[in-house]
Each structure stands twice: as C-alpha cells, then as structure tokens.
Amino acid sequence: MFNKETYVNRRAQLQQQIGSGIILLPGNVESPINYLDNYYPFRQDSSFLYYIGIDQPHLAAIIDVDAGTTTLFGDDFSIDYIVWMGPQPTIAEIASKSGITDTKSYNAIIKTLQIAQSQNRHIHYLPPYRGENNIKLSEWLGIPVNEINNHASIELIKAVIAQRSIKTPEEIIEIEKAVNISGKMHLAAMRHARPGIKEAELRGIVEGVSMSNEGYPAYSVILTINGQTLHNHYYGNTLQSGQLVLGDFGSESPSRYAGDITRTFPVDKTFISQQKDIYNIVLKTEITSIEASRAGVRYLDVHLQAAKTIAEGLKDLGLMKGNVDDAVSEGAHALFFPHGLGHMMGLDVHDMEDLGENYIGYDDTVQRSTQFGLKSLRLAKKLHPGFVLTVEPGIYFIPELIDLWQKDNKYKDFINYDKLSAYRTFGGIRIEDNILITENGSKILGNPIPKTIEEVEAIRQSL
Ligand code: GLY
Ligand code: MN
C-alpha cells in the first residue's frame, strides 16, 4: 500500500471530475470454492485498491462528492475470527492507512444509500464483474440484478479510466517489481525445460517463483508446447525434442500491480532453422512495434504496422504472397496473427477491462473493427505519456484454421496453402514485453529478459 496521501489525492481528483453525488465502491468478498470457509485466494477489486488501497475482503466505501468525505464500511473482527485467523487491526486503524477517519459497520451502508436515494442524489457505481457484488448492489439500491449493469455510471467509468490510465512514478516502480518477478519466472522456465519434463512441472516451478517473491500469478499461466492455441491452459503434455515451449505468464507485485511477459524457446538447447526463421520475424515485429509506440500514435496503427511486418516476413519465406498492404487491409495475415498487438496493463493484467473494453481501448475517434483478427485488438486509441501496455506479436500455425480457410480457398491471392503442410506441427511463437509511454517514446519496463535467439540459446546451454 502507498502512503495515505496517494489515496487522499486520488479521491480528491476523482471527486473533482465527478462534480456531485456519491461514489459507491464495493470491495470484493471471499469467493468460496466448494464450501463457505474454503475460498479462492482473495483478490481485491482493482478500483477499490486504487482509491482506497486496502487489500482485504468485506469492505465498501462511499465517497460523498458534495461533502468531500469518504466513509469506509466494514466490521471489526469477532473473537471467533481472531481465534481462527489471528489478531486483526480494527476497521478504524485500517481506514486510517487510507486517510479515512469515518468508519461504519458494513450493513450501515444500506441506510446511507437509502438516505441518498430519498434525497434524489446521484449514486455512481462501476459495473460489477462478480455475482456477489451484483447481488449486493441490487439489494442496496433496489435495482433488479439483471439491470445493475445498465445503471452503472458512464461518467464514473470514464473518469476512473482517465485517471488509472496515467501511471505515476510510484506505480511504475510497482509495475517494474511485478515485471521483474515475471522475468525470474521466465528464467526458471528456460532453465528447467528439457525433453521428458511435463508442462505441469514447469508450471509448478514458475508459479512457485511468483509466490516465493510474495506475488501471485497475475493470470492463468500459459506454458505449453501447443503455443498455437492462444490461451492454452492445459498442462498435461510431456516436452519432446524438436518442440517449442511458449510461456505467457506474469506475476503480481505484492501490491497487486501486474506483469505480463511471453517468451518462446526450444525444448532442445538450440532452435532449428525453421523455428529461427519464424522467431526472427516475431522478434523484429516486437522490436519495431516498441519503437513505433509513442505518444500521439494510435495503437491501431502500430498493430497494422506489426501485421505488415509479419506478412512481409512470411512472404519472404514463401508462405504469403501478393501485395502486403492489401493482404493486411483485407485481413489475410490473421491466419497467422489472429489477435491484437497488446492491451493496457496496471492493477489488472488487462487493465480496467471490467469497465468495458471499448471504453479502455477505443474512443470517439477509433471504432472497433469486425474483421477476424483485428476485432480482437483490445487497445486501438492514441497513446499518451504514462500509459503502460503490452506489445505481444505472434505467429501461429493453427491446423483447424488453416484447414477451414484452405477448404474455402480463402485469401488465395495472399496465402500459399501448399507450403503450409511443412508447418502443421510447428505450434506458435509469441514474444511480449511491457512498456511505458514516455514524453519522447517508450521504455521497456523491468530488467531485460533473454529475447534474441543468441540470448535464449545461451541460457538454454548454461544448464
Ligand atoms: N497474457 C494473456 C493475455 O494478454 O491475454
Ligand atoms: Mn498480454
């Protein structure tokens, strides 16, 4: 948690943006796995963390914009709780860490909200993404559960996105901590991979690195020999000589900022030449995309440039053909690169996507495409200094997609289907770093993680 001034200042800035009414921020509650006392690891709501900073369940906050006050609603711990869970600070002590002096019991929030409603005050809240908070908001506000999202405050969504999008120097320090733990996870995967080891063993090792550094995986680990499946969460395969391992995983820092890194490396100690060819196209695309990411540039344009670099590289290898600009504008490259170049990152790995992907990634000047591949671009709008985002191009050989398109002879002027049979079991390659948009360009966050073929082979050979 930062110093209390950070939270006081963040709330003051939000109040200024919203102008009047009250802002309701429900924190998250414990989420049971299979019975009440056996729950998933607790993860606080990120907007609650941003404005209040307290990383524990069963709290809610109300910012009264007109009065300029914040109240924290929560219950002091009973002796039963203390017997099972150990000594706990009081709610007043917890609140003071966030610069909040007014505390009330958790259920007192109902009365406070009823009074506000009786005075016709505007109650701003964010769209909930968890069933528990949906039900709570429904009960507290008297709005049917299935209408809660329709009544979320667009004004608050936009104000929160504007504020949380610009990372401050103290946030960048936290994000770099997360990226550095993520880098250690990747080094561990590169050090332990070998023919005969199971994906599950590697997953256990990298998750252990995150946790032993007081972090927690920022999202479900992707660690697979089937990198062509973009979000592969299966860990049952055994690594075999000749295969590639795609690892897309990252850690939260202890203060819950995320890292999101991808590396791809051979199960053997060196890449074979077919792997090197594809790897170097992805690497060139990643490096040139980072160079092109600067304030004032639309990330949509960086994405399209990345798609062209990929199409050019594949054309050089004889897998694509024709005019590269036309191939990309028609969407033919998406056979190999079917996802977006990146997304915002911060307290969430896909930062603030709970508030609406189109609010965070798009605006009045740029609309989301419906074209296969491009429709999956999560961030398209102009970049600003202070944005933290991922750059994660990839090339994949997805047999099911190749077969489908080949059957229909789709984009036959741009794709050499006859050459693709040699790549059916190739898998996929993705390379991903996390960058900060600065006044003059961009900066890769965290310590360098092996990325060139030489760097990756050097670490694979140092075992
Ligand atoms: N790291 C997974 C993703 O960005 O979707
Ligand atoms: Mn990512």
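Just so you know, ligand 1 is whichever comes first in the structure, and atom 1 is the first atom listed for that ligand.
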I'd like to know whether the aromatic ring centres of Tyr125 and His151 sit less than 6.0 Å apart in this structure.
no

Pair His186 and Phe249, ring centroids less than 6.0 Å apart:
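Here the rings of Phe249 and His186 have centres that are less than 6.0 Å from each other.
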
At the Mn ion (ligand 2): angle between Glu432 atom OE2 and His343 atom NE2, to 10 degrees:
120°

So, is Glu432 polar-close to ligand 1, with some N/O to N/O distance under 3.5 Å?
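No: no nitrogen or oxygen of Glu432 is under 3.5 Å from one in ligand 1.
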
Contact atoms of ligand 1, heavy-atom distance to [X] under 4.0 Å:
X: Asp260; value: 1 (N), 4 (O)
X: Glu392; value: 4 (O)
X: His343; value: 4 (O)

Atom of Glu392 nearest the Mn ion (ligand 2) (restricted to N/O/S, atom name only)
OE2

Can you tell me the N, O or S atom of Asp260 that's nearest the Mn ion (ligand 2)?
OD2

Answer yes or no: are there more than 12 heavy-atom neighbours, outside Glu439 itself, under 6.0 Å from its atom CD?
no

SB check [X] [Y] (cutoff 4.0 Å):
X: Arg256; Y: Asp45; result: no
X: Glu207; Y: Arg203; result: yes
X: Arg263; Y: Asp433; result: yes

Just to be sure I'm reading this right: ignoring hydrogens, which of His339, His350, His231, Arg430 gets closest to atom 4 (O) of ligand 1? Compare them by their nearest heavy atoms.
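Heavy atom nearest to atom 4 (O) of ligand 1 belongs to His350.
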
